[in-house]
2 protein chains.
Amino acid sequence: MQGRPKGRKSPLQGSSASHSISGEKERLRLFIKKAGLKSTRQRDIIATEFLKTIGHITAEDLYKKVNRKHKEIGFTTVYRTMKLLSKCGLASERVFADNLTRYEPARGEEHHDHLICIGCGEITEFENPKIERLQGEVAKEFGFNTISHKMELYGYCRRCVENA
Amino acid sequence: MQGRPKGRKSPLQGSSASHSISGEKERLRLFIKKAGLKSTRQRDIIATEFLKTIGHITAEDLYKKVNRKHKEIGFTTVYRTMKLLSKCGLASERVFADNLTRYEPARGEEHHDHLICIGCGEITEFENPKIERLQGEVAKEFGFNTISHKMELYGYCRRCVENA
DNA sequence: ATAATTTTGAAAATGAATTTCATTTCCTTG
DNA sequence: CAAGGAAATGAAATTCATTTTCAAAATTAT
Ligand SMILES: [Mn+2]
Ligand SMILES: [Mn+2]
Ligand SMILES: [Zn+2]
Ligand SMILES: [Zn+2]
């Protein structure tokens, strides 16, 4: 009764990047070959557009961006390509409180956590080694073998606080 | 084409409690009155069953428990009652990585975070003032006014590690 | 009891995520 | 440079937890 999500919210996610996207595309190509998959025009276009992204974008919004120049590329392919990029380590899947799946380029960098503004939707990243260490201590105390973790602070960003 | 979720997973969530459930039921009664709502047999039954719960339970699973003794009470009412209990502060809504909404009795206690076992589904609670303090520092650094936060560690619980 | 308002429960709707399937594209082999 | 086998594509359908709708039933104040 419905093919795929109709347009909806989606706060900021910039564009443009200063990366060797070529290197990342190469990594994708290798992964594809190794997995017995095939390189396609669509995957190339979608990956290129995604890797230019700064921030956290939904498959739906990425589809909209891609769709501007490439009317023939469908949402399903964007969706599937993001799954693929996640598997090969070029994208990280994130789900915040609005329950939408977002993707962010995973630039081999270290793990990070997020501040999410409930006013304007801005997503800010941070990294705090002390907290990470303490999380390790907590896990140890419970005999817990941690594989991943998620920490999100929800509230109002500086701009929203000032404009209040 | 489908009224509500059919049975699915759902790891542990114990039962039995050592609380003055009567006090919590009184709180619900007051909230209901103050909001111009009505006390009903169903709400009483559902709230009672929920408040006996230890752990984190989905509306679906709570419905199943209630349904054993009260075939006439529908899922929708359980669902709505949990929303009501959340609003009046007797329940906390939690969404972990499996994207199901769970509820846990909110016993006026302090905030806590969770360890979630990806082996057996066990959910363990913890509280770490040092981490909380550091989170405050991070927020401060970004001029961020934190309203709530979420921290979850995913991995294998002691038992699952030992049985591996 | 009566009336006004809220609640209930079955069914339908919603919406993001995922799958299906007929067709097209890719890529290796001859 | 075919040809053929395998994978990809895209539109449409499906899934499934959640939420809404609506007519009938229950609650509360009068
Ligand atoms: Mn991020
Ligand atoms: Mn808890
Ligand atoms: Zn903001
Ligand atoms: Zn476990």
Side-chain angles (χ1 to χ4, degrees), chain A residues 1-10 28-29 31-47 56-64 66-67 70-88 93-103, chain B residues 1-10 28-47 56-64 66-67 70-87 93-103:
Chain A
M1 226 113 300
Q2 183 218 19
R4 80 200 158 58
K6 319 280 189 344
R8 272 224 291 148
K9 70 195 139 182
S10 154
L28 173 60
R29 220 178 304 276
F31 181 92
I32 283 178
K33 180 145 294 184
K34 196 171 294 183
L37 305 179
K38 292 171 181 175
S39 288
T40 66
R41 197 181 63 84
Q42 290 92 330
R43 281 176 177 167
D44 191 71
I45 290 168
I46 295 165
H56 309 73
I57 190 171
T58 61
E60 172 68 18
D61 284 349
L62 180 59
Y63 162 69
K64 282 184 197 150
V66 167
N67 190 251
H70 303 278
K71 300 293 182 199
E72 76 286 2
I73 294 182
F75 167 80
T76 311
T77 302
V78 174
Y79 164 78
R80 281 189 285 225
T81 299
M82 291 320 300
K83 287 288 183 190
L84 178 63
L85 291 179
S86 298
K87 264 184 211 142
C88 84
E93 250 186 63
R94 304 281 190 182
V95 181
F96 301 124
D98 63 3
N99 253 57
L100 294 184
T101 300
R102 289 181 165 76
Y103 297 89
Chain B
M1 223 111 297
Q2 184 220 17
R4 84 202 155 58
K6 317 284 191 339
R8 271 225 289 149
K9 69 196 138 184
S10 158
L28 173 60
R29 220 178 304 276
L30 282 174
F31 181 91
I32 284 179
K33 181 145 290 183
K34 195 172 294 181
L37 305 179
K38 292 172 180 174
S39 288
T40 66
R41 194 180 64 85
Q42 289 92 328
R43 281 175 176 166
D44 191 71
I45 290 169
I46 295 165
H56 309 74
I57 190 169
T58 61
E60 172 68 16
D61 283 349
L62 181 58
Y63 162 70
K64 281 182 197 152
V66 167
N67 189 251
H70 302 277
K71 300 293 182 198
E72 77 286 3
I73 295 181
F75 168 81
T76 312
T77 302
V78 173
Y79 164 79
R80 282 187 286 224
T81 299
M82 290 321 299
K83 288 287 182 191
L84 178 63
L85 290 179
S86 298
K87 264 184 212 142
E93 249 186 62
R94 305 279 190 183
V95 181
F96 301 123
D98 64 2
N99 254 61
L100 294 182
T101 301
R102 288 182 167 75
Y103 297 89

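Proteins get letters first, then strands, A, B, ... in listed order; numbering begins at 1 in each. FYI, side chains are in, hydrogens and waters are out, and symmetry mates aren't considered; it's all heavy atoms of this structure.
Salt bridge annotation for A/R41-A/D44: absent, with no cationic side-chain nitrogen under 4.0 angstrom from a carboxylate oxygen.
Here the straight-line distance linking atom OG1 of B/T58 with atom OH of B/Y79 works out to 13.0 Å at 0.5 Å rounding. Note: B/T40 OG1 to B/I46 CD1 = 7.0 Å, rounded to the nearest 0.5 Å. Distance check, rounded to the nearest 0.5 Å: CG of B/D98 to OG1 of B/T101 gives 9.0 Å. Atoms CG and CZ, on A/L62 and A/F75 in that order, are 10.0 Å from each other to the nearest 0.5 Å.
Between the side chain of A/R43 and the backbone N or O of A/K38 there is at least one donor-acceptor pair closer than 3.5 Å.
Put simply, CE on A/M82 is 12 Å from P on C/dA17, counting in whole angstrom units. Taking atom CG of B/D98 as the reference point, atom P of D/dT15 lies 20 Å away to the nearest angstrom. Between the C1' atom of D/dA11 and the OH atom of A/Y63 lies a distance of 10 Å, rounded to the nearest Å. Atom CD1 of B/I45 and atom C1' of C/dT7 are 14 Å apart (whole Å). The interatomic distance linking B/L28 (CG) with C/dT7 (P) rounds to 12 Å, in whole Å. Here C/dA17 presents its P atom at 8 Å from NZ of A/K83, a figure rounded to the nearest Å. When the P atom of D/dA25 is taken as reference, atom CD1 of B/I73 falls 17 Å away, rounded to whole Å. B/R43 has its CZ atom 15 Å from the P atom of D/dA26, to the nearest Å.
A/L37 has its side chain within reach of A/L84: a pair of non-hydrogen atoms, C-beta onward, lies under 4.5 Å apart.
Of all heavy-atom pairs between B/S86 and B/Y103, the closest is OG-CE2, 3.4 Å.
A/K71 comes within 4.0 angstrom of no nucleic acid atom, judged by non-hydrogen atoms across all strands.
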Give me, pair by pair, the N or O atoms of the protein and of nucleotides 27-30 of chain C that are less than 3.5 Å apart, along with how far apart they are.
unit_1: C/dC27; atom_1: OP1; unit_2: A/S39; atom_2: N; d: 3.0
unit_1: C/dC27; atom_1: OP1; unit_2: A/S39; atom_2: O; d: 3.3

Pairs: protein N or O with nucleotides 19-24 of chain C N or O, under 3.5 Å:
unit_1: C/dT20; atom_1: O4; unit_2: A/R80; atom_2: NH1; d: 3.3

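Closest to the side chain of A/R41, from the set D/dT9, C/dC26, C/dT18, is C/dC26. Candidate nucleotides D/dT19, D/dG10, C/dT8 were compared by shortest atom distance to the side chain of B/T77, and C/dT8 ranks first.
With sequence neighbours excluded, the residues that form a salt bridge (Lys or Arg N to Asp or Glu O under 4.0 Å) with B/K83 are B/E93.
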